[in-house]
**Q** 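Handing you a structure now.
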Amino acid sequence: MGKKQLQELEKNGRYFSVPTGTSMWPMLLHKRDIVEVHKPDGEAKRLDVVLYCIGEKGILHRVLRVKEDIYIIVGDNCWRKEYVPKSEVVGIAVRFCRKGRWIEATDRGYRLYAHFWAGTFFLRRPFLYLRDLGKRVIRKMKRILHREQA
């Protein structure tokens, strides 16, 4: 998401996006799914997928907990919690399209998925951390091997 999409969200109150990256896998697939984001008309609730910005980059992640002035947010495929001020949230995902089928954020099946995924975060977190640690070790070993061969 860039400046143009932010302007569209401000002007029209909604916009459609094709997310990139894997932080919301398995809910959203990299450059395959479409997400409809609306300008928030109030406070986001637990389990909502919210859009917030870091610089000009927009990030969609799930709200795990709502505190007084911050949201505790995490991507479905991430282990690090993020503490985002409520003022930085610029949109809320209301539905997404997977394989030509629109899934509303209010659909019963989706809500069950969201409850399960957020409820098992404490179980998934160590595995996701170890996965990322393993990837870092492998990258570092490849760099060391590459330097030795050069």
**Q** Decide yes or no for K67 and I72: does some side-chain heavy atom of the first lie under 4.5 Å from some side-chain heavy atom of the second?
**A**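 Yes, at least one pair of side-chain atoms sits under 4.5 Å.
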**Q** What closest approach, in Å, do D33 and L29 show between heavy atoms, and which atom pair accounts for it?
**A**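 Minimum heavy-atom separation between D33 and L29: OD2-N, 2.7 Å.
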**Q** With heavy-atom distances below 4.5 Å as the criterion, would you say the side chains of V84 and I70 are in contact?
**A**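 Result no, sub-4.5 Å side-chain heavy-atom pair not found.
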**Q** On a heavy-atom basis, which atom in C53 and which in V90 lie closest, and how many Å separate them?
**A**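 The answer is SG-CG2, 4.0 Å.
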**Q** Could you grab the distance from atom SG of C78 to atom CZ of F121, nearest 0.5 Å is fine?
**A**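 If we round to the nearest 0.5 Å, C78:SG and F121:CZ are 8.5 Å apart.
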**Q** Using side-chain heavy atoms (C-beta onward) and a distance below 4.5 Å, is V49 in contact with M27?
**A**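 Contact flag for V49/M27 side chains = yes.
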**Q** What heavy-atom pair brings L64 and R46 nearest, and what distance separates the two atoms?
**A**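 Scanning both residues, the minimum pair turns out to be O-NE, 3.2 Å.
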**Q** Around atom CZ of R65, are there more than 12 heavy atoms from other residues, nucleotides or ligands closer than 6.0 Å?
**A**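 Atom CZ in R65 is not crowded, with 12 or fewer foreign heavy atoms closer than 6.0 Å.
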**Q** Any chance you could measure I138, atom CD1, to R143, atom CZ, to the nearest 0.5 Å?
**A**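 Rounded to the nearest 0.5 Å, the CD1-CZ separation comes to 12.0 Å.
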**Q** Cluster question for you: counting only ILVMFWY and a side-chain heavy-atom cut-off of under 4.5 Å, with indirect links fine, are V74 and L60 together?
**A**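 No, because V74 and L60 fall into different hydrophobic clusters, even though each may have its own neighbours under 4.5 Å.
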**Q** Assess whether atom CH2 of W25 is packed by more than 12 heavy atoms of other residues, nucleotides or ligands within 6.0 Å.
**A**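 Atom CH2 in W25 is not crowded, with 12 or fewer foreign heavy atoms closer than 6.0 Å.
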**Q** So, for A105 and A93, which heavy atoms are closest and what is the spacing to 0.1 Å?
**A**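 Distance-wise, the nearest heavy atoms are CB-O, 4.0 Å.
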**Q** Count the heavy atoms of every other residue, nucleotide or ligand shown that sit under 6.0 Å from CZ of R136, and state whether that count exceeds 12.
**A**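 Yes.
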**Q** Do K142 and L145 make a side-chain contact, defined as non-hydrogen atoms from C-beta onward lying under 4.5 Å apart?
**A**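 They are not in side-chain contact.
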**Q** Tell me the closest heavy-atom pair linking L9 and V37, and the distance in Å.
**A**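 Smallest heavy-atom distance, with atoms named: CD1-O, 3.8 Å.
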**Q** If we ignore angles and hydrogens, is there a donor and acceptor under 3.5 Å between the side chains of W79 and D132?
**A**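 Distance-only check passes for W79 and D132.
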**Q** Quick check for you: to the nearest 0.5 Å, what is the distance between L128 atom CG and R131 atom CZ?
**A**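 Answer for the CG-CZ pair, L128 versus R131, is 5.0 Å.
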**Q** Nearest heavy-atom pair of S23 and H61: which atoms, and what distance?
**A**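 What the structure gives for the nearest pair is OG-NE2, 2.9 Å.
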**Q** Answer yes or no: is there a donor N or O on one side and an acceptor on the other, between the side chain of D48 and the main chain of K45, under 3.5 Å?
**A**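 Checking the backbone N and O of K45 against the side chain of D48, a donor-acceptor pair under 3.5 Å is found.
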**Q** Can any side-chain N or O of R124 pair as donor or acceptor with the backbone N or O of W117 at less than 3.5 Å?
**A**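 The answer is yes, because a donor-acceptor pair under 3.5 Å joins these two groups.
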**Q** If Ile, Leu, Val, Met, Phe, Trp and Tyr residues are connected whenever their side-chain heavy atoms lie under 4.5 Å apart, and connections chain through other members, are V63 and V94 in the same group?
**A**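 Shared cluster, no.
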**Q** Would you find more than 12 non-hydrogen atoms of other residues, nucleotides or ligands less than 6.0 Å from R80 atom CZ?
**A**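 Check fails, neighbour count at 12 or below.
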**Q** Can a side-chain donor-acceptor contact be found between H38 and E36 if the only test is distance below 3.5 angstrom?
**A**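 Side chains of E36 and H38: pair found under 3.5 Å.
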**Q** Answer with yes or no whether the side chains of D107 and Y113 bring together a donor and an acceptor at under 3.5 Å.
**A**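 Side-chain D/A pair, Y113 to D107: absent.
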**Q** Identify whether the distance between the nearest side-chain nitrogen and carboxylate oxygen of D69 and K86 falls below 4.0 Å.
**A**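 No, no charged N to carboxylate O under 4.0 Å.
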**Q** Measure the spacing between CD1 of I73 and OH of Y52 and express it to the nearest 0.5 Å.
**A**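 Reported to 0.5 Å precision, the distance equals 5.5 Å.
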**Q** Mark yes when over 12 heavy atoms from residues, nucleotides or ligands other than N12 sit less than 6.0 Å from its CG; otherwise mark no.
**A**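 Buried by this count: over 12 neighbours within 6.0 Å.
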**Q** Do you see a donor-acceptor pair shorter than 3.5 Å between the side chains of Y71 and E82?
**A**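 Side chains of Y71 and E82: no pair found under 3.5 Å.
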**Q** Any heavy-atom pair between the side chains of I92 and L51 that's under 4.5 Å?
**A**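 SC-SC contact between L51 and I92 ruled out.
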**Q** Side chains of P19 and M24, heavy atoms from C-beta outward: is any pair under 4.5 Å?
**A**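 Not in contact.
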**Q** Would you check if L47 and H115 make a side-chain contact, meaning some heavy-atom pair closer than 4.5 Å?
**A**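 Yes, close enough: below the 4.5 Å cut-off.
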**Q** Could you tell me whether F16 atom CZ has more than 12 heavy atoms of other residues or ligands within 6.0 Å of it?
**A**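 Atom CZ in F16 is crowded, with more than 12 foreign heavy atoms closer than 6.0 Å.
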**Q** Are F116 and L28 in one and the same hydrophobic cluster, where Ile, Leu, Val, Met, Phe, Trp and Tyr link if side-chain heavy atoms are under 4.5 Å apart?
**A**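 Looking at the clustering, L28 is in the same group as F116.
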**Q** Side chain to side chain contact (heavy atoms under 4.5 Å, CB included) between R98 and R32: does it pass, once the steps are laid out?
**A** CA-CA 8 Å; R98 162 79 51 87; R32 287 191 188 167; over 6 Å; no
**Q** Using the rule that two of Ile, Leu, Val, Met, Phe, Trp, Tyr join whenever any of their side-chain heavy atoms come within less than 4.5 Å, decide whether L130 and L123 are in one cluster.
**A**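 No, because L130 and L123 fall into different hydrophobic clusters, even though each may have its own neighbours under 4.5 Å.
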**Q** Taking 4.0 angstrom as the limit, do R62 and D76 come out as a salt bridge?
**A**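 So R62 pairs with D76 through a salt bridge.
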**Q** Is a donor on one side and an acceptor on the other found under 3.5 Å between the side chain of N77 and the backbone of T22?
**A**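 Side chain of N77 to backbone of T22, a donor-acceptor pair under 3.5 Å: yes, one is there.
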**Q** Would the number of heavy atoms belonging to other residues, nucleotides or ligands and lying under 6.0 Å from CD of E104 be above 12?
**A**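 Yes, because the 6.0 Å sphere around CD of E104 holds more than 12 heavy atoms from other groups.
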